[in-house]
Visitor: 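So that we are looking at the same thing, I have put the structure below in structure tokens.
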2 protein chains.
Amino acid sequence: MPALAERPLPKNFGVCPFVTAQKLLQGKWALLIIHELSSGPKRFGELQRSIDITQATLSSQLKNLEAEGLVLRTAYPEIPPRVEYELTAVGQSFQPVLDAIETWGNGYIDYLHAQNKE
Amino acid sequence: MPALAERPLPKNFGVCPFVTAQKLLQGKWALLIIHELSSGPKRFGELQRSIDITQATLSSQLKNLEAEGLVLRTAYPEIPPRVEYELTAVGQSFQPVLDAIETWGNGYIDYLHAQNKE
DNA sequence: CCGAATCCAACAAGATACTG
DNA sequence: CAGTATCTTGTTGGATTCGG
């Protein structure tokens with residue numbers, strides 16, 4: 001059972017839901033990875049191809065998400081190795097946020113285009 | 001009419017809603033500031049006190065949010081100076097995301113506490 | 001195929017001091 | 001009151017190389 005990193009956490013982490021969420025979503029890739037995994041388990045290579053990200057970065061991001069309890073990692077002792085990633089229960093409970101962000105993001109994109117026409 | 005910074009934007013910004021949202025919410029304070037403003041216009045000093053943030057940092061964060069079109073800044077030419085910040089229409093349309101994050105954040109906090117009991 | 005190790009450039013953000 | 005200017009620090013994430 002992975003625990004959160006013991007590094008200095010922001011004030012009010014674990015108290016204020018916004019501070020807490022912000023900390024977890026801060027990274028450049030967290031949202032994208034969670035979105036990819038929301039459609040089901042994926043292998044390491046699959047993730048790397050669907051997002052444009054280097055191995056090193058993807059690996060470290062996944063490790064964070066695993067430590068935070070959002071992602072479950074399963075390694076199959078085969079040759080060649082196979083590793084799958086999937087959302088945990090807390091990870092899956094993120095779905096409504098994902099949906100809200102998708103809706104809003106698209107609205108913001110429309111807003112951007114409207115700006116450019118002026 | 002403020003335009004987005006002309007710096008190199010992430011690939012798929014303005015195309016993928018998640019990439020777009022991630023870029024805007026990346027900062028450590030964006031979510032908190034938007035949350036504070038969601039209850040109505042606030043003055044600079046008010047914001048600074050309700051969040052624990054230095055003047056320099058708050059000032060630069062607000063400038064970003066303004067450039068992104070999420071926040072509207074109004075300066076009243078008085079002595080002493082008074083400046084108010086409020087959400088724009090796009091900023092206000094962020095509310096559902098805020099709500100979803102609040103719900104999820106609280107759920108995640110519960111999850112954290114449950115972990116600690118084990 | 002998956003990922004660890006190392007090194008490094010870029011940026012975000014805090015401390016502090018000063019201004020209209 | 002509401003900033004700006006400057007300096008310094010910390011953290012991210014990318015490139016590259018190596019290992020099981």
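All chains are named by letter (A, B, ...) in the order of the sequence lines, taking the proteins before the strands, and each is independently numbered beginning at 1.
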Visitor: Could you check how far CD of A/Glu46 sits from P of C/dC1, rounded to whole Å?
Guide: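 The distance from CD of A/Glu46 to P of C/dC1 comes to 12 Å, rounded to the nearest Å.
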
Visitor: Looking only at the side chain of B/Ser59 (C-beta and beyond, no hydrogens), which of the listed nucleotides D/dC1, D/dT4, C/dG3 gets closest?
Guide: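 Output: D/dT4.
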
Visitor: Once you round it to whole Å, what is the distance between P of C/dG3 and CG of A/Leu65?
Guide: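 Result: 13 Å.
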
Visitor: Under 4.0 Å, heavy atoms only, any strand: does B/Thr57 hit a base, just the sugar-phosphate, or nothing?
Guide: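 Base, at least one base atom sits under 4.0 Å.
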
Visitor: What is the distance from OH of B/Tyr85 to C1' of D/dG3, rounded to the nearest Å?
Guide: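 Rounding to the nearest Å, OH of B/Tyr85 and C1' of D/dG3 are 8 Å apart.
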
Visitor: Classify the side-chain pair B/Glu102/B/Asn106 by whether it contains a donor and acceptor separated by less than 3.5 Å.
Guide: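 No - no donor-acceptor pair under 3.5 Å links their side chains.
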
Visitor: Using the side-chain heavy atoms of B/Val83, tell me which of these nucleotides is nearest: D/dA2, C/dA13, D/dT16.
Guide: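 Closest nucleotide among those given: D/dA2.
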
Visitor: Using a heavy-atom cut-off of under 4.0 Å over every strand shown, decide if B/Tyr76 touches base, sugar-phosphate, or nothing.
Guide: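 The answer is nothing, as B/Tyr76 stays clear of every strand by at least 4.0 Å.
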
Visitor: For the residue pair A/Ile51 and A/Glu36, establish whether any side-chain heavy-atom pair is separated by less than 4.5 Å.
Guide: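 Contact flag for A/Ile51/A/Glu36 side chains = yes.
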
Visitor: Mapping A/Ala56 and A/Gly27 to their closest nucleotides on DNA chain D, which lands nearer the 5' end?
Guide: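 The residue closer to the strand's 5' end, by nearest nucleotide, is A/Gly27.
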
Visitor: I want to confirm an ordering. Mapping B/Arg49 and B/Ser60 to their closest nucleotides on DNA chain D, which one lands closer to the 5' end?
Guide: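 Between the two, 5'-proximity favours B/Arg49.
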
Visitor: Pick the nucleotide of DNA chain C nearest each of A/Gln26 and A/Pro81; which residue has the one closer to the 5' end?
Guide: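 Result: A/Pro81.
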
Visitor: 5'-most contact on DNA chain C: B/Gln55 or A/Arg43, nearest heavy atom basis?
Guide: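 Looking at DNA chain C, the more 5' nearest nucleotide goes with A/Arg43.
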
Visitor: Does A/Lys28 make a side-chain N or O approach to OP1 or OP2 of D/dG14 shorter than 4.0 Å?
Guide: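 Looking at the OP1 and OP2 atoms of D/dG14, one of them is under 4.0 Å from a side-chain N or O of A/Lys28.
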
Visitor: Strictly below 4.0 Å: does A/Lys63 bring a side-chain N or O up to OP1 or OP2 of C/dA4?
Guide: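 The answer is yes; a side-chain N or O of A/Lys63 sits under 4.0 Å from OP1 or OP2.
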
Visitor: Starting at CG of A/Asn64 and ending at C1' of D/dT11, how long is that distance when rounded to a whole Å?
Guide: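 Taking CG of A/Asn64 and C1' of D/dT11, I get 12 Å after rounding.
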
Visitor: Identify whether any heavy atom of A/Gln61 sits under 4.0 Å from a base atom; if not, whether one sits that close to sugar-phosphate; answer base, sugar-phosphate or nothing.
Guide: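 Result for A/Gln61 = sugar-phosphate.
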
Visitor: Can you tell me the distance, in whole Å, between the CD atom of B/Glu78 and the C1' atom of C/dG20?
Guide: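 Roughly 15 Å, once rounded to whole Å.
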
Visitor: Is B/Leu72 reachable from A/Tyr111 through a run of I, L, V, M, F, W or Y residues, each pair having side-chain heavy atoms under 4.5 Å apart?
Guide: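 A/Tyr111 does not cluster with B/Leu72.
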
Visitor: Grab the CD1-P distance between B/Ile53 and C/dA13 for me, whole Å please.
Guide: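 Atom CD1 in B/Ile53 sits about 8 Å away from atom P in C/dA13.
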
Visitor: How many Å lie between CD on B/Gln22 and P on D/dT12, as a whole number?
Guide: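 In whole Å, D/dT12 P lies 13 Å from B/Gln22 CD.
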
Visitor: If you look at every strand shown and take non-hydrogen atoms under 4.0 Å, does A/Ala75 touch a base, only sugar-phosphate, or nothing?
Guide: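 Touches nothing.
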
Visitor: With heavy-atom distances below 4.5 Å as the criterion, would you say the side chains of A/Phe44 and A/Gln55 are in contact?
Guide: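 Result yes, sub-4.5 Å side-chain heavy-atom pair found.
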
Visitor: Check the angle between the aromatic planes of B/Trp104 and A/Phe94 and answer parallel, tilted or perpendicular using the 30° and 60° thresholds.
Guide: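 Ring orientation of B/Trp104 relative to A/Phe94: perpendicular.
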
Visitor: Run the side-chain hydrogen bond (donor to acceptor under 3.5 Å, both in side chains) test on B/Trp29 and B/Thr57 for me, step by step, so that the C-alpha distance in whole Å, both residues' side-chain angles and the decisive distance to 0.1 Å come before the verdict.
Guide: CA-CA 9 Å; B/Trp29 302 108; B/Thr57 304; 5.4 Å; no

Visitor: When you check the phosphate oxygens OP1 and OP2 of D/dG3, does a side-chain N or O of B/Arg73 lie under 4.0 Å from one of them?
Guide: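 Answer yes for this pair, as a side-chain N or O of B/Arg73 is under 4.0 Å from OP1 or OP2.
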
Visitor: In whole angstroms, how far is the C1' atom of C/dT16 from the CD atom of B/Gln48?
Guide: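 Value for this atom pair: 14 Å.
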
